[in-house]
Number of protein chains: 2
Amino acid sequence: MTLTDLRYLVALARERHFGHAAERCNVSQPTLSVAIKKLEDELAVTLFERSAADVKITDIGARIVAQAEKVLLEAGQIKELATAGRDPLSGPLKLGVIYTIGPYLLPHLIPRVHEAAPSMPLLIQENYTARLAESLKRGDLDVIVVALPFEEPGIVTQAVYDEPFRVLMPAGHAWEKDERIAAARLAEAPLLLLGAGNCFRDQVLEVCPMCRSGEGLQRTLEGSSLETIRHMVATGAGITVLPSSAADPLPGGNSLLTVRPFEAPEPFRRIALAWRVTYPRSGAIDVIRSAILGSPLQGVRPVTR
Amino acid sequence: MTLTDLRYLVALARERHFGHAAERCNVSQPTLSVAIKKLEDELAVTLFERSAADVKITDIGARIVAQAEKVLLEAGQIKELATAGRDPLSGPLKLGVIYTIGPYLLPHLIPRVHEAAPSMPLLIQENYTARLAESLKRGDLDVIVVALPFEEPGIVTQAVYDEPFRVLMPAGHAWEKDERIAAARLAEAPLLLLGAGNCFRDQVLEVCPMCRSGEGLQRTLEGSSLETIRHMVATGAGITVLPSSAADPLPGGNSLLTVRPFEAPEPFRRIALAWRVTYPRSGAIDVIRSAILGSPLQGVRPVTR
DNA sequence: GCGATGTATAGTTAATCTCTATCGCAGACA
DNA sequence: TGTCTGCGATAGAGATTAACTATACATCGC
């Protein structure tokens, strides 16, 4: 029993004539004859009474034809589903973003994605890189926004933008007089850092290797966020390093804080999209990338690959 | 897209492993691989993300698999319907009976059929032979009970029983003294006859050709029935001829009427079943035949063919 | 009976399905 | 870093099935 057989069956039930039904199915009359006979043999019931005068459907035949129509209808739905699902911009996209990007990127990203792909709702999760990577590999996420380096088997990445780091200090801080700050000086100040697991913490420590070892002045704030740290800096608890997208939007709006760039070579992080090599909705990824690049993130430089 | 493809699809969605899914489907892994690929090409969507680690179903894939399961379920119903419909004794049987048999046969027939085939309800129609024949050929009836001769293209008949004719007269009638009545004498009496269209009318007239021609004493009662005529005979309106099944049950119960057989050669009618050559439920017909022969019809002789 | 109509069958060709064998890729492990 | 292993994809051969054309067969109407 194949779907083709069922189509023949339904056609014959409608036409009550092998020749006409065959024509409607674009096959020859013997083809249809044989198919119906095969079906009857397989089901071990007589579906039609054939006579010279006409073709009559049996009671059981009528019931089976009705069921066959249902099957064909449901089968047709598969094609409809496929057509609807063919558009990579239709259907929800599961997006993951690291904690140190989300709050600054998402407010810009979301309306842009919604405009570019109205029928692609975003299901967003913020988390640490490691957690995002896990979810991505498991299939719980489709695309993630992370900082490079990011190497995972089966995962491809595409750099989107570079983002310079800034020094954030309370207004009136001694360094305020300097246009730019040398990275090495971070070791001299009470540096507020995110907790372990945040890749940004590691990147900051990489900028200032002195800070890492021994008993520096830095304080690690577990369970904190860049925003919390920023508030703490404003109260004079210390200084910190922020990515430009988190640091730059505020001056003019916050008289308690001062932002300074680093001396060259300016430290920065490279933000990238990552997805499974096998992920088929590349169009959706393109939309995300464009939306990110279209977002007014302070100080970032697009990476043209 | 075939039902087999859908089975492969569903198996793979369950197993998430081409090899295992193939095994479950009793095919080789390449067979399943190719089938899935073919489906994906045909639907122009990616149903699964394959990687070395595992097989992930895409969102659209999951929706299509759900639909495929629905299709397979409905397709399975076809087999169930066929199995249920395979029994010729299941499902209603449309039975036609001529007017001059119905009232005497059906009260016996129905309980017997119900006993022999409890899940075969009878849909019964009483009518003239011509009308029954028409319905039978159209498919509105499955089997009819008629008197022979009955020749119709595409229709086969099977004689069931012979039924002798009786003369019915009012009690105290002059012929009451005779043990048997000669057919020719019918022309001498006021003979009450059914209206045109009743085959029994013609059969009676055949018994007594004298009655047919000219201005006899017979009276045709259009729109009447054997029962009506019997009542009329009881009131002395005339005599009549009845089939034995209609005439014999009453003596002892009706002191107003007298029944006499004919002289040899005793006239009779041959009752038969008729159905379309193509009608597939021969088992149902056998049940009807047996039920008729098992019915206590007065004076009838089974026809063993 | 004979022709017309309509379905079934025969025989052939073509498509398709399925198989075995093998490739190629990616992750795991030493 | 090289090798091993598991797994899906691919290639080519063989078998099955589906379709066609031609024709046989059955039935009914004339």
Short N/O separations, protein against nucleotides 1-6 of chain C, under 3.5 angstrom:
none

Under-4.0 Å salt bridge between [X] and [Y]:
| X | Y | value |
| --- | --- | --- |
| A:D140 | A:K94 | no |
| B:R201 | B:E206 | no |
| A:K56 | A:D54 | yes |
| B:K37 | B:E42 | no |
| B:R269 | B:D162 | no |
| B:E152 | B:R138 | no |

Nucleotide [N], atom [atom2] - distance to [atom1] of [X] in whole Å:
| X | N | atom1 | atom2 | result |
| --- | --- | --- | --- | --- |
| A:F48 | C:dA8 | CZ | C1' | 16 Å |
| A:E49 | D:dT27 | CD | P | 14 Å |
| A:L3 | D:dA18 | CG | C1' | 15 Å |
| B:D54 | C:dG27 | CG | C1' | 12 Å |
| B:E23 | D:dC7 | CD | P | 12 Å |
| B:R276 | D:dT27 | CZ | C1' | 16 Å |
| A:I36 | D:dA19 | CD1 | P | 12 Å |
| B:E151 | D:dG29 | CD | P | 14 Å |

What does nucleotides 16-21 of chain C look like as a protein-contact string, B for base, S for sugar-phosphate only, - for none, at under 4.0 angstrom between heavy atoms? -SSBBB

Only counting residues at least two apart or in another chain, list the ones meeting salt bridge (Lys or Arg N to Asp or Glu O under 4.0 Å) with B:R24. B:E15

Hey, which of these two, A:V277 or A:L12, hits DNA chain C nearer its 5' end, going by closest nucleotide? A:L12

Looking at D:dC7, I'd like to know if its phosphate oxygens (OP1 or OP2) sit under 4.0 Å from a side-chain N or O belonging to B:R50. no

Test side-chain hydrogen bond (donor to acceptor under 3.5 Å, both in side chains) applied to B:Q67 and A:Q77, A:E74, A:E80, the passing residue: A:E74

State whether the side chain of A:R276 and the backbone N or O of A:L141 hold a donor-acceptor pair below 3.5 Å, judged by distance alone. yes

Can you list the residues that meet the side chain to side chain contact (heavy atoms under 4.5 Å, CB included) rule with A:S290, with sequence neighbours excluded? none

Could you pull out all residues at least two apart from A:S119 that satisfy side chain to side chain contact (heavy atoms under 4.5 Å, CB included)? A:S90

Angle, rounded to 10°, between the helical axes spanning five pairs at each terminus of the helix from C:dG1-D:dC30 to C:dA30-D:dT1? 20°

